[in-house]
Amino acid sequence: MDFTFSVNQLQALSNLLKHPEQEEEELEERPDGGAIALQPGHIGPPKGSNPTDCSIVEPTDVKTIWNEDDVPEGSEYEDIWDTRQQPEYEVLFKQRVGTEDVFLGMSRKDGSTACCEDMVIRINLPGCKSADLTLDVKERFLGLRSPVYKLGLYLPHPVDSKNGKAEFHADTHTLQVTLTMKRDFDFINFA
């Protein structure tokens, strides 16, 4: 391993280890060379800060116990007493590419998920009919229920829960859900 450091790196390390309220003269006078001895009293907010300063949001309805934001998405599907089995599924990513992408390489798209626009979830549901299925899609969660199967899937990327497409293929008993991912505009996803 190479343990050579530049002067700037050593100064930056020194600044990180130095207590912010102490001056350099005070550090030089200390017998331990300026090292800070942390005690249990250093845990928590700094002295002088009032813990009641944080703004507490009061619920608008007096009878509510918690806000809707306090409950994570999909928590209603986490039932340990439900004995229905989880179906097999796969998550795929899909890009919208044209000839300028494939043959000319004009866009900056590559094979990574950062360049994908759609997320496709294929769920195998042997023995089920489309009328038996209940599908619920949220921004970061997909919930599926049937008399035989239960699936609560946390999605790897946020999706547009209002605009999606679901197809049930009766011959293979497969449900295919296509969701558009919410992406920030950057140098790859600029359209």
Side-chain angles (χ1 to χ4, degrees), residues 45 53-191:
D53 288 344
C54 61
S55 60
I56 299 173
V57 179
E58 294 294 326
T60 55
D61 186 9
V62 181
K63 294 183 179 182
T64 59
I65 299 172
W66 54 76
N67 291 333
E68 198 171 303
D69 298 335
D70 296 340
V71 180
E73 281 186 345
S75 61
E76 65 268 16
Y77 290 98
E78 295 175 3
D79 184 9
I80 60 172
W81 302 108
D82 193 352
T83 59
R84 290 180 286 180
Q85 59 182 337
Q86 178 176 328
E88 292 182 12
Y89 65 91
E90 61 181 342
V91 179
L92 306 169
F93 296 95
K94 187 165 70 170
Q95 292 183 357
R96 296 183 196 124
V97 294
T99 55
E100 66 275 1
D101 299 320
V102 175
F103 297 111
L104 301 175
M106 293 177 70
S107 70
R108 297 181 180 163
K109 290 188 176 187
D110 58 14
S112 68
T113 60
C115 299
C116 295
E117 290 88 11
D118 295 323
M119 184 184 311
V120 179
I121 298 114
R122 289 189 189 143
I123 307 166
N124 296 327
L125 301 162
C128 285
K129 298 181 285 188
S130 63
D132 296 339
L133 303 177
T134 303
L135 181 66
D136 184 26
V137 178
K138 297 187 177 174
E139 184 174 335
R140 295 204 58 113
F141 189 80
L142 179 134
L144 175 76
R145 291 185 177 203
S146 77
V148 180
Y149 298 103
K150 178 188 82 164
L151 175 65
L153 179 64
Y154 290 94
L155 302 174
H157 299 285
V159 296
D160 184 6
S161 61
K162 303 294 183 202
N163 299 319
K165 183 173 119 178
E167 296 175 299
F168 186 75
H169 303 287
D171 53 341
T172 60
H173 297 281
T174 303
L175 177 68
Q176 180 171 324
V177 182
T178 304
L179 302 167
T180 303
M181 292 191 290
K182 288 184 179 178
R183 294 290 192 178
D184 294 330
F185 294 129
D186 56 9
F187 68 96
I188 295 173
N189 303 309
F190 54 86

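We count residues from 1, following the sequence as given.
- Among residues two or more places apart in sequence or in another chain, the side chain to side chain contact (heavy atoms under 4.5 Å, CB included) test is passed with K94 by D118, V120, T178.
- Closest approach of K150 to P87, counting heavy atoms only: O-CD, 3.6 Å.
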### Task
Run the numbers on V177 and L144 for side-chain contact (heavy atoms from CB on, under 4.5 Å), then give the verdict.
CA-CA 11 Å; V177 182; L144 175 76; over 6 Å; no
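- Dense packing is recorded around CD of Q86, with more than 12 heavy atoms of other residues, nucleotides or ligands lying under 6.0 Å away.
- The two atoms that bring V137 and S161 nearest to each other are O-CB, 3.5 Å, heavy atoms only.
- Considering only residues two or more places apart in sequence or on other chains, H157 meets the side chain to side chain contact (heavy atoms under 4.5 Å, CB included) condition with F93, T113, M119, M181, R183.
- Looking at heavy atoms from C-beta onward, I123 lies out of side-chain contact with L153 at the 4.5 angstrom threshold.
- Evaluation of the side-chain hydrogen bond (donor to acceptor under 3.5 Å, both in side chains) test over residues 164-175, restricted to residues two or more places apart or in two chains, returns N124-T174, T172-T174.
- Here CG of L175 is found 12.5 Å from OH of Y149. Values are rounded to the nearest 0.5 Å.
- L155 is listed as a side-chain neighbour of I121, based on a closest heavy-atom distance under 4.5 Å.
- For the atom pair CZ (R84) and OG (S146), the distance works out to 6.5 Å, reported to the nearest 0.5 Å.
- Closest approach of G164 to L179, counting heavy atoms only: CA-CD2, 4.1 Å.
- The line from CZ of R122 to CD of Q176 is 5.0 Å long, rounded to the nearest 0.5 Å.
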### Message
Walk me through whether L125 and V148 qualify under side-chain contact (heavy atoms from CB on, under 4.5 Å).
### Response
CA-CA 9 Å; L125 301 162; V148 180; over 6 Å; no
